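Below you'll find the structure, written out as structure tokens, and then a few comments.
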Amino acid sequence: MISRFGVFTSYQANVDANGQNIIGDAANECSISVDPTNSNKMTIGWRQFNDVNSNFRQGGWGYTADAGIHWTFPGVLEDNVFRSDPVTNSDEAGTFFYLSLLQTFCENMYQSTNGGQSWTELQADSLAGGGDKQWFTIDKTGGPGHGFQYQSSDGINCSGGGVQFQRSTDGGITWQAPIIIPAGPTDGTLDVDTNGNLFIGGEGSSLNSFSCVRSSNAQIGNQTPSFDQVTQHINMGGDLSGGGINPAGLDGMLFLAIDRSGGSTNNNIYMLASVVPQGRSTTDVMFVRSTDGGVTFSAPHKVNDDPVNPSKWHWFGTFSVAPNGRLDAVWYDTRNAANNTDSQLFYSWSTDAGVTWSPNVAVSNAFIPSEGYPNQNKIGDYITIVSDATGGNVAYSATFNFNPSRGQHEEDVYYVRVSPSGGSTPTPTPTASPTPTLTPTATATFTPTATGHQQLLPDRHRRQGLRRRREPVPRPRRGHRA
């Protein structure tokens, strides 16, 4: 499937050996990485369901060498092994990494040195630690932590409870014992600033409250990482949710990214998420920034520019920071759907550290997110984007292909290139976000002790606990398991 919408073209990645759609499968929850030395080379990891009548999925992946026009799907990482929650990344030399969650809630890290054509498992199954939902990042600075890998998970873990952090100092081969992260930031990502400081963002333990924690010594290999700055009660304008438009999954996660442009915005910390504002049951894409190293954050700013409508969803919001400091954000959007469900991929960008955002642009044709479900009623829990100097590379799931045997469309993975010059958005809107107001921060704490081992049940397919409920539509606390 090649799906064109205006100046944007989406190319299917989960294709057969002839580049055609595989009828009857499902693919979602896609994570993209780009070779910084050759932007024509990219890889996407996703959850591959060969049989949509089963909940069994494997670690699918595809690669391209021609900037996303043609994709090759060689197969799965390991045949007949349950894998989920794919996260990919690349170092500054163009080596790709793929972190994959097993059914035991333990993980494996894979490495590719040939542009994603083949992968090497860096340790035996389960020996990368971790848990659900895991994210990881790589230190690409020139400091003492260069090449270190860091991962965090949300409390349902391979080795026990608690929101955990782990570090690898040898390129993802071995992972040190987990450490409990103060303030428990869940369902969020992590990044490294130009000084080698590690930051983790995520949802806190109360409504309308997010956290950002810093470790300044994770980059010191002979020290046990500690968290010397903990900022809590960050207002994102709402709360993460699940079980709404994406019945068995989340409606969005928290994404944290840091500006490493070297300019006036260098080391700004940004967070973006699709959240449910108070009094609503649908989501908006909200953004905050810190210009003081994560001590304080601005007031939340709504990125989707349509009028507030309690029936419309703006979900799976994600973003990235370009090397020149530009911000690129994408999300699913139902503003044009009479049924308030059919979704399009939308795009917006900012060149002033998120103070103003460009008019929103529809990037894809509309698709029905509720069709093509495997034996799990969701289209994954996230999509991803990686930016370069001129635009962003997006991996997302959509249901453009029709499966006649099921009488409905099916979930597939797509790549699309977005850029400020790619649509009718030559300049940012003149209306700025509200004047930044600063939130109070907590006193710094750290917890360097590891948790004990606890084997988790392999047949547990949903996370524990219920998401805080809000009238009129109740939603589970975390509507997904892997």
Side-chain angles (χ1 to χ4, degrees), residues 13-14 25-33 42-50 54-63 73-91 95-138 149-154 156-159 164-168 170-175 178 187 189-190 249 253 374 376 378 380-384 395 397 413 456 458-461 463 480-482:
N14 61 315
D25 72 341
N28 61 37
E29 215 157 271
C30 34
S31 176
I32 189 169
S33 289
M42 292 178 276
T43 190
I44 300 174
W46 63 78
R47 306 191 314 163
Q48 173 66 25
F49 296 79
N50 290 339
S54 168
N55 196 39
F56 187 79
R57 60 268 198 185
Q58 301 171 85
W61 96 90
Y63 69 90
F73 171 24
V76 295
L77 292 176
E78 193 172 3
D79 283 330
N80 297 315
V81 174
F82 181 104
R83 293 188 178 277
S84 194
D85 291 39
V87 186
T88 66
N89 211 323
S90 61
D91 63 19
T95 298
F96 290 128
F97 295 88
Y98 187 134
L99 188 62
S100 175
L101 184 69
L102 294 159
Q103 196 167 10
T104 59
F105 294 94
C106 299
E107 303 165 358
N108 285 110
M109 181 67 78
Y110 285 77
Q111 174 184 282
S112 175
T113 58
N114 58 5
Q117 297 180 54
S118 62
W119 296 86
T120 300
E121 190 172 9
L122 295 183
Q123 62 282 125
D125 283 0
S126 301
L127 294 187
D132 178 25
K133 162 61 181 95
Q134 88 288 2
W135 291 96
F136 86 101
T137 193
I138 303 171
Q149 296 186 6
Y150 308 112
Q151 65 164 303
S152 62
S153 54
D154 75 355
I156 307 298
N157 300 306
C158 172
S159 60
Q164 294 182 354
F165 164 79
Q166 286 183 267
R167 176 181 69 179
S168 173
D170 57 7
I173 298 174
T174 60
W175 292 85
D187 296 316
T189 65
L190 57 175
M253 290 190 174
Q376 187 185 45
K378 66 178 183 178
D381 288 306
Y382 53 87
I383 59 176
T384 54
S397 293
V413 171
L456 297 176
D459 59 349
R460 184 196 294 164
H461 295 305
R463 295 187 181 187
H480 82 298
R481 201 320 271 161

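This structure is a prediction, so every number in the text was calculated from the model and none was measured. Counting begins at 1 with the first residue of the sequence.
Side-chain N or O atoms of Ser126 include none that pairs as donor or acceptor with a backbone N or O of Glu107 at under 3.5 Å. With hydrogens and angles disregarded, no donor-acceptor distance shorter than 3.5 Å links the side chain of Asp25 to the backbone of Phe49. No donor-acceptor pair closer than 3.5 Å links the side chain of Gln164 to the backbone N or O of Gly129. A donor-acceptor contact shorter than 3.5 Å is absent between the side chain of Ser90 and the backbone of Thr95. Side chain of Asn157 to main chain of Phe105: no donor-acceptor pair is present (N/O by atom type, distance under 3.5 Å, no hydrogens or angles). Counting only distance, with no hydrogens or angles, the side chain of Ser31 and the backbone of Thr88 share a donor-acceptor pair below 3.5 Å. Judged purely by atom type and a 3.5 angstrom limit, Thr384 uses its side chain to pair as donor or acceptor with the backbone of Ile32. The backbone N or O of Asp85 lies less than 3.5 Å from a partner atom in the side chain of Gln134, making a donor-acceptor pair.
Met109 contributes atom CE, which lies 13.0 Å from atom CG of Leu127 (distance to the nearest 0.5 angstrom). Between atom OG1 of residue Thr189 and atom CZ of residue Phe136 there is a gap of 12.0 Å, rounded to the nearest 0.5 Å. Taking CD of Gln151 as the start and CG of Asn89 as the end, the distance is 12.5 Å to the nearest 0.5 Å. Atom OG of Ser152 sits about 15.0 Å away from atom CZ of Arg167, to the nearest 0.5 Å. Note that OH of Tyr110 is 10.5 Å distant from CG of Leu99, once rounded to the nearest 0.5 Å.
Considering every non-hydrogen atom in both Glu29 and Ser397, the closest pair reads N-OG, 3.7 Å. The two residues Gln58 and Asn80 come nearest to each other via the heavy atoms OE1-N, 2.7 Å. Of all heavy-atom pairs between Val76 and Asp79, the closest is CG2-OD1, 3.2 Å. Contact between Gln123 and Trp175 at its shortest, heavy atoms only, is NE2-NE1, 4.1 Å. Here the shortest heavy-atom pairing between Asp125 and Glu78 reads OD1-OE1, 3.3 Å. Taking each heavy atom of Val413 and Cys30 in turn, the nearest pair found is CG1-CB, 3.9 Å.
Taking the side chain as every heavy atom from C-beta outward, Arg83 and Asn108 approach each other to under 4.5 Å. Looking only at side-chain heavy atoms (C-beta outward), Phe82 and Arg57 come within less than 4.5 Å of each other. Lys133 has its side chain out of reach of Asp381: every pair of non-hydrogen atoms, C-beta onward, lies at least 4.5 Å apart. Side chains of Asp91 and Gln111 form no contact here, defined as non-hydrogen atoms less than 4.5 Å apart.
Side-chain atoms of Thr43 and Ser33 form no donor-acceptor pair, as typed in the model, at a separation below 3.5 Å. Counting only N and O atoms by type, the side chains of Asn14 and Gln48 include no donor and acceptor under 3.5 Å apart.
Residues Tyr382 and Trp135 bring their aromatic ring centres within 6.0 Å.
Just one residue in the list Trp61, Trp46, Tyr63 forms a ring pair (Phe, Tyr, Trp, His ring centres under 6.0 Å) with Phe73, and that residue is Trp46.
Every residue two or more places apart in sequence or in another chain that forms a ring pair (Phe, Tyr, Trp, His ring centres under 6.0 Å) with Tyr98 is listed here: Trp119.
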